[in-house]
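Here the structure comes first, spelled out in C-alpha cells, and everything after it is commentary.
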Amino acid sequence: MIEIELDGKKVEVAEGSTVMHAAEKVGTYIPHFCYHKKLSIAASCRMCLVDIEKAPKPMPACATPVAQGMIVRTKSDKAVKAQQSVMEFLLINHPLDCPICDQGGECQLQDLAVGYGGTKSRYEEEKRVVAPKDVGPLISMQEMSRCIHCTRCVRFGQEVAGVMELGMSHRGEHAEIETMVGQTIDSELSGNMIDLCPVGALTSKPFRYSARTWELSRRKSVSPHDSTGANLIVQVKNAQVLRVVPLENEAVNECWIADRDRFSYEALNSAERLTAPMLKQGGEWKTVDWQTALEYVANGLTQVQVEHGAASIGLLASPHSTLEELHLAAALMKGLGSSNIDSRLRHAEFAAPEGVRYLGTSIASLSELQSVLVVGSSLRKDHPLFAQRIRQAARKGCVVSSLQEQAQDWAMPVTNRLLADATVWVQALADVAAAVAAEKNVAAPAAGTASAVAKAIAQSLLSGERKAVLLGNAAAHHAKASSLLALANWIGAQTGASVGYLTEAANTVGAQLAGALPGAAGLNAAQMLGGGLKAVLLLNNEPEFDSAAGAKARAGLSTADMVVSLSPFKANMDVADVLLPIAPFTETSGSFVNAEGRLQSFHAVVKPLAETRPAWKVLRVLANLLDVEGFEFESSQQVLLAVPGVQASPQGPMVEAGRLSNATRAGIDLAAAQTKPVTAAIYQLDGLVRRSSSLQMTADAKLTAQEVVA
C-alpha cells in the first residue's frame with residue numbers, strides 16, 4: 001500500500017492506483033467528464049486537473065499514479081483555476097440549448113458549469129456546427145454539436161460491448177464522433193452509451209422530447225427478459241413508463257443493461273395492450289366484466305373436469321412469469337387434480353430434473369474465469385450481460401471455447417471453435433471428454449475421437465484455476481439435453497470446472513422451484529401442444545412464438561373445448577375463447593430467480609392499466625370460484641413465502657441452500673438427435689420485446705421469430 005496526503009487527509013491506496021482512486025476512497029469529488037470507473041483512462045477532457053506538490057503544472061487526477069508521500073490538493077487556487085480554464089474551453093463551442101436538451105437536469109456539463117464556468121464567454125467567433133447523424137432506431141445523434149469529445153462512447157464500444165462502432169474522425173475543431181461510412185449502431189448493449197454520455201450528444205431516440213428528467217418518478221424493478229435479472233430504475237410520469245435505466249448492482253449487472261431491458265417498455269404503452277376481459281361469442285370478441293369472465297372460465301373448467309376428467313385440463317406457463325404466479329398456477333392445477341403444467345415451452349426433451357438447474361457459479365465470477373467452454377449458445381444475443389462479463393475475462397487472458405453449429409461473432413476472441421451439426425452435439429462433446437480422458441489417463445465416459453480442437457479445449461480446461469462449462473439455451477432445448485449435461489458434468493469433475501446452464505428466461509430457475517413442471521402422470525409442453533387436451537390455460541405466453549411447436553401449436557390448441565389466455569396483450573386471439581388481461585412486470589409485485597439462484601423481488605411501478613389485474617390475484621380468485629383450497633393469500637409476499645424452497649432470512653426471502661443442483665444420473669446416448677433445438681432470436685424472446693417498435697426496427701430484429709440454432 002502507498003500513503004499519500006490528499007487535501008490534508010492521509011490516504012492509503014494500492015500501488016498502481018491513481019489520484020482519482022485515492023479521492024474516491026475518501027469521498028472527495030474531483031470534477032471529471034472522460035473518466036469512468038468501468039472504462040480505460042483517456043485523460044482527454046482535462047477537467048480533473050489537480051495541484052500536486054513539486055509538479056510543475058496541474059496534473060490530471062485520473063491518469064496520475066500515486067507515489068509514496070505525494071501531496072495532492074484538489075481545491076487549491078492552482079487546481080480550481082486550472083479547472084475553470086478547462087471549463088471555459090469546453091463551453092466555447094457548446095450550444096446554449098439546455099432548455100430543449102433531454103439531458104437537462106442530469107447533465108454533468110450543466111452541473112459543473114455552475115461551479116466552474118464563467119458568467120460570460122470571451123469567445124466571439126462563430127460556434128462550430130456538427131451535422132446530425134442517423135445511427136439507427138435507438139440512439140439519437142441529432143445534436144452532436146454538444147459533444148465534448150470525452151470518448152466514453154468510443155471506449156465503451158471497444159472495451160465493454162466488444163464492437164468499435166463509434167470513433168473520432170478528423171482533427172482539431174473539425175473532430176467529431178461518428179460511425180464509419182454511415183453505418184448504424186447495432187450492438188445489443190448500445191443504449192449504455194446514452195447513460196455514459198456526460199452531455200446531451202447521445203440521447204434516447206424513443207424517449208426524445210417525452211419529458212423533463214425532474215418530472216419523472218424513479219422506482220426500482222427487475223428485468224423480465226433474460227436470466228441475468230438486471231436491476232432497473234423505471235422512470236414514470238402520469239402513471240406511464242417513459243424510460244428505463246440501469247440500477248447499479250456489481251453482483252448482477254454492474255452498471256449496464258441490455259437494449260431489450262432498456263427499450264422493451266414501449267410495449268407497455270402499445271395499442272396491443274388488453275385492457276378488459278373478453279369472450280369469444282359467435283366468432284366475435286366481446287368485452288365483459290371480470291366476474292362474468294372468471295365465472296365463464298370456472299364453469300368451463302368444471303364442465304370439462306366432469307365430462308372428461310381433470311387429466312384433460314392443462315396449463316402452459318411462461319418462464320417470464322413471476323415466482324408467485326407460477327406457484328399459484330401449479331397449485332391450481334394440483335387442486336383441480338391435474339398434473340399437466342409445464343414452463344419448458346421450447347424444450348425437446350422433458351426428463352424430470354433431479355434438482356433445480358442453474359448457472360452453477362455466481363454471475364460475478366464469470367468476469368474472472370481463466371477458461372470457459374460454452375455449449376450451444378448464441379452467447380452474445382441470448383445473454384448480452386453474461387457475454388459482457390466473459391468478454392472482460394477474455395481481455396484478461398481467459399481462453400474461450402465453444403461448441404456450436406456455425407461460427408458466430410461474439411465480439412471477443414474465441415480461441416477454440418468446435419463446429420458440429422446440432423444433431424450430433426453429444427458426440428462432439430464426447431470427443432472433448434475423450435481428449436480430457438487421454439490427458440488425465442482415465443477411462444472416457446463415452447466413445448469419442450480426440451480431434452485437434454477437442455484436445456485444445458481439453459488442455460484449456462485442465463489449466464488454470466477458475467473455469468466453467470456453460471450450457472446455453474440450445475443445449476437446454478436439445479433433444480438429448482440430459483446426455484449433454486451428463487458429459488458436461490463428467491468434464492467438470494475431471495477438470496475442476498463448474499458446470500451450469502445459462503438458462504433462457506428471467507424466471508427459468510424460479511419456474512423449477514415453483515413446481516411449474518408436469519407430475520409423474522402429467523403431460524409435458526410438447527404433448528399438451530400436440531392436442532388431446534379439452535381445456536388449456538396459457539399463462540403469459542403465445543405458443544406460436546414461445547414454444548418449439550411454433551405455428552403447429554395452433555392446430556394442437558384448436559382441438560380443445562376451451563382455451564384461456566392470460567396475457568397483458570391481445571394475444572392468442574385466433575385460438576383462445578377467453579382473454580384475461582394480466583399485469584406486466586411494471587404493474588404487479590413479484591419475484592424472479594436469476595440464473596445464479598438469486599431471488600429478487602420487486603413492486604409495481606405504476607397502477608394496472610384499465611381493467612388489468614395482477615396474474616396472482618386472477619389465479620387466486622379463479623381458484624376460489626373453483627373451491628380449490630389453500631388460496632387465502634392477501635399479498636404476493638404471502639404467496640412467495642408459501643413457495644417450496646423459499647425461506648425467510650434477515651436479508652429477505654431467498655432460495656434454500658441445496659435446492660440448486662445440476663447433478664444428473666442420466667446415461668449418455670451418442671445417437672444423433674432427430675430434431676434440432678429451437679431458440680428465440682434476441683428480440684423475439686417474449687411478448688414485451690416483440691411489441692417494442694424501436695427494438696423491432698433494429699438490425700437484430702430482422703432475424704426470424706424462431707431460429708434454428710446457429
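Side chains included, hydrogens not; waters and symmetry mates left out as well; all remaining heavy atoms used.
- With respect to Val499, the side-chain contact (heavy atoms from CB on, under 4.5 Å) criterion is satisfied by exactly one of Leu470, Leu487, Val469: Val469.
- Proximity of Val244 to Asp261: side-chain heavy atoms (C-beta onward) are nowhere separated by under 4.5 Å.
- Inspection of the Asp700 and Thr698 side chains reveals no N or O donor paired with an N or O acceptor under 3.5 Å.
- Of the possible donor and acceptor atoms, one in the side chain of Asn662 sits under 3.5 Å from a partner among the backbone N and O of Tyr358.
- The backbone N or O of Val618 lies less than 3.5 Å from no partner atom in the side chain of Arg613, so there is not a single donor-acceptor pair.
- One side chain, Glu324 or Ser591, offers a donor N or O that lies under 3.5 Å from an acceptor on the other.
- Annotation: ring-ring contact (aromatic ring centres under 6.0 Å, His included) contacts of Tyr683 (sequence neighbours excluded): none.
- By the side-chain contact (heavy atoms from CB on, under 4.5 Å) test, Ser498 pairs with Thr361, Ala468, sequence neighbours left out.
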Quick one: side chains of residues 569-586, donor-acceptor pairs under 3.5 Å with protein atoms, not counting sequence neighbours, listed by atom name and distance.
from, atom 1, to, atom 2, distance (Å)
Asn572, ND2, Asn541, O, 3.0
Asn572, ND2, Ser565, OG, 3.0
Asp577, OD2, Val563, N, 2.8

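- Donor-acceptor pairing under 3.5 Å is lacking for the side chains of Thr228 and His383.
- Residues Leu379 and Leu502 form a side-chain contact, since some pair of their non-hydrogen atoms from C-beta on lies under 4.5 Å apart.
- With Asn473 contributing its side chain and Gly376 its backbone, the two residues share no donor-acceptor pair below 3.5 Å.
- For the residue pair Glu368/Gln392, the side-chain donor-acceptor check at 3.5 Å is not satisfied.
- Side-chain atoms of Gln600 and Asn594, non-hydrogen and from C-beta on, do get closer than 4.5 Å to each other.
- Side-chain contact between Gln158 and Phe156: absent, with no pair of heavy atoms (C-beta onward) separated by less than 4.5 Å.
- The closest donor-acceptor contact from the side chain of His320 to the backbone of His225 lies under 3.5 Å.
- Both the sub-6.0 Å distance and the 45° axial angle are satisfied by Arg243 relative to the ring of Phe207.
- Under the 3.5 Å distance criterion, with hydrogens and angles disregarded, no donor-acceptor pair is assigned to the side chains of Ser227 and Glu504.
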